[in-house]
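For reference, the structure discussed in these notes is given below.
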Protein chains: 2
Amino acid sequence: MVKRTSFEGDACPIARSLDALGDWWSLLIIREALFGLRRFGEFQNKLGMAKNILATRLRALVDHGILATAPASDGSAYQEYVLTPKGRGTFPILVALRQWSEEFDDRPEEIATILVDREKGRPVKKLEMRAEDGRLLTPAETMVKPRPASRKKSA
Amino acid sequence: MVKRTSFEGDACPIARSLDALGDWWSLLIIREALFGLRRFGEFQNKLGMAKNILATRLRALVDHGILATAPASDGSAYQEYVLTPKGRGTFPILVALRQWSEEFDDRPEEIATILVDREKGRPVKKLEMRAEDGRLLTPAETMVKPRPASRKKSA
DNA sequence: GCAACTTAGTTTCATAATGCAACTATTGGA
DNA sequence: TCCAATAGTTGCATTATGAAACTAAGTTGC
């Protein structure tokens, strides 16, 4: 092989998501976008990354439908990068990553921020996995099954 | 710069988790480990990755305290790689990645598996974010705050 | 209207990471 | 003891990453 392996055609949903999000910078760009950043320069400043890498990543994220370009909201002729619904849908992934650090990091005192409920200012609860009927599930209480063939979609 | 940037000293908990998990293969190795794989050859076969990369990743995961080596359970002199509690703690991250694909993938019909509640065989519910008091939270209803200084830990 | 500055990139070049294939060293089995 | 399987390591080619320099629009002051 020669190029970095792509998981695009993989049947595993985790591999497929990593194909879009699994590099060092993409999730951090999305994190900043969720925080309200929109402009090339804002991302570059905040993340301190090389501009060529940023340009490449932004293009890839747009290609994946995670970001979309839009005319700048300040009336200038520049463009902005805004999250699509698919992009905003990564929020639980970021929360899961954050909570994993909070729980298992070797030097938790170096973690600068916590995620709180805006109304009360209290920490958000740990994400929990629940069954359809609401039962709390541990990993051992779950399993992976072949996806049932989906019904014909329309015509 | 010269090396790929590390997020090890970063104060953001998301960056810190990506420092350990943010490459193309690590989360897939962990996925297989959660599934029960333990041996070098099992990972190599299942993931189809180059052996040198696998060796590098396994070492890194052990260094990060996500995997630990143990004598082989079949009595042979080989060793196994088993998940630590920190490693098993990544489960919600994998679930979040999976659910994101299920919800937003452009070709969902290519996804081969679904995660189900073992008891009922029914799909697991989407992860939800809740406040301490149980209120369901949207991203907009959360915010990031500076971490309060923690109390002295013992002596 | 134009010089100076800002913004958003692209280009160039060096270095590191990735991937395949071939090789090695134990271990296990007959 | 000999052979195969396991678990790697090494060598080499290609790609990705990163810093810095460069470029080309867009904007601003005058």
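Quick note on labels: first sequence line is chain A, next is B, and so on, each numbered from 1. This structure is a prediction, so every number in the text was calculated from the model and none was measured.
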Quiz item: Rounded to whole angstroms, how far apart are CG on B:Asp74 and P on C:dG28?
Solution: 8 Å
Quiz item: Is the backbone N or O of A:Ala131 less than 3.5 Å from a side-chain atom of B:Arg122, with the two atoms forming a donor-acceptor pair by type?
Solution: no
Practice problem: Measure from CE on B:Met49 to C1' on C:dA21 and round the result to the nearest Å. | Solution: 16 Å
Quiz item: Is the shortest side-chain N/O distance from A:Tyr78 to OP1 or OP2 of D:dA24 below 4.0 Å?
Solution: no
Quiz item: When you check the phosphate oxygens OP1 and OP2 of D:dT17, does a side-chain N or O of B:Thr5 lie under 4.0 Å from one of them?
Solution: no
Quiz item: Given that A:Trp24 and A:Gly75 both sit by DNA chain D, which one's nearest nucleotide is further toward the 5' end?
Solution: A:Trp24
Quiz item: About how many Å separate NE2 of A:His64 and CG of B:Asp106, when rounded to the nearest 0.5 Å?
Solution: 8.5 Å
Quiz item: For D:dG18, does either OP1 or OP2 sit under 4.0 Å from a side-chain N or O belonging to A:Trp25?
Solution: yes
Quiz item: Between atom CD1 in A:Ile53 and atom P in C:dT15, what is the gap in whole Å?
Solution: 16 Å
Quiz item: Are the side chains of A:Ile30 and A:Leu21 in touch, meaning some heavy atoms are under 4.5 Å apart?
Solution: yes
Quiz item: Under 4.0 Å between a side-chain N or O of A:Arg59 and OP1 or OP2 of C:dA8?
Solution: no
Practice problem: Mind calculating the distance between CG (B:Leu54) and P (D:dT9) to the nearest angstrom? | Solution: 10 Å
Quiz prompt | d(CG, B:Leu28; P, C:dT18) in whole Å | solution = 13 Å
Quiz item: Using 4.0 Å as the upper bound for N to carboxylate O, is an ion pair formed by A:Arg98 and A:Glu102?
Solution: yes
Practice problem: Under 4.0 Å between any heavy atoms, over every strand shown, what does B:Phe43 touch: base, sugar-phosphate, or nothing? Just pick one. | Solution: nothing
Quiz prompt | From CA spacing to verdict: side chain to side chain contact (heavy atoms under 4.5 Å, CB included), A:Leu136, A:Arg130 | solution = CA-CA 4 Å; A:Leu136 195 62; A:Arg130 291 188 178 272; 4.0 Å; yes
Quiz item: How many Å lie between CD on B:Glu80 and C1' on D:dG8, as a whole number?
Solution: 16 Å
Quiz item: Looking at the side chain of B:Ala77, which of D:dG26, D:dT17, C:dG28 is the nearest nucleotide?
Solution: C:dG28
Quiz item: Can a side chain N or O of A:Arg39 be found less than 4.0 Å away from OP1 or OP2 on C:dT7?
Solution: no
Quiz item: Looking at the side chain of A:Phe40, which of C:dG9, D:dT17, D:dA7 is the nearest nucleotide?
Solution: C:dG9
Practice problem: For B:Lys51 and C:dA17, give me the distance from atom NZ to atom C1', rounded to whole Å. | Solution: 20 Å
Self-check item: Residue met sooner reading DNA chain D from 5', once A:Ser76 and A:Asn52 are mapped to nucleotides
Solution: A:Asn52
Quiz item: Rounding to a whole Å, what distance do you find between B:Phe7:CZ and D:dT17:P?
Solution: 11 Å
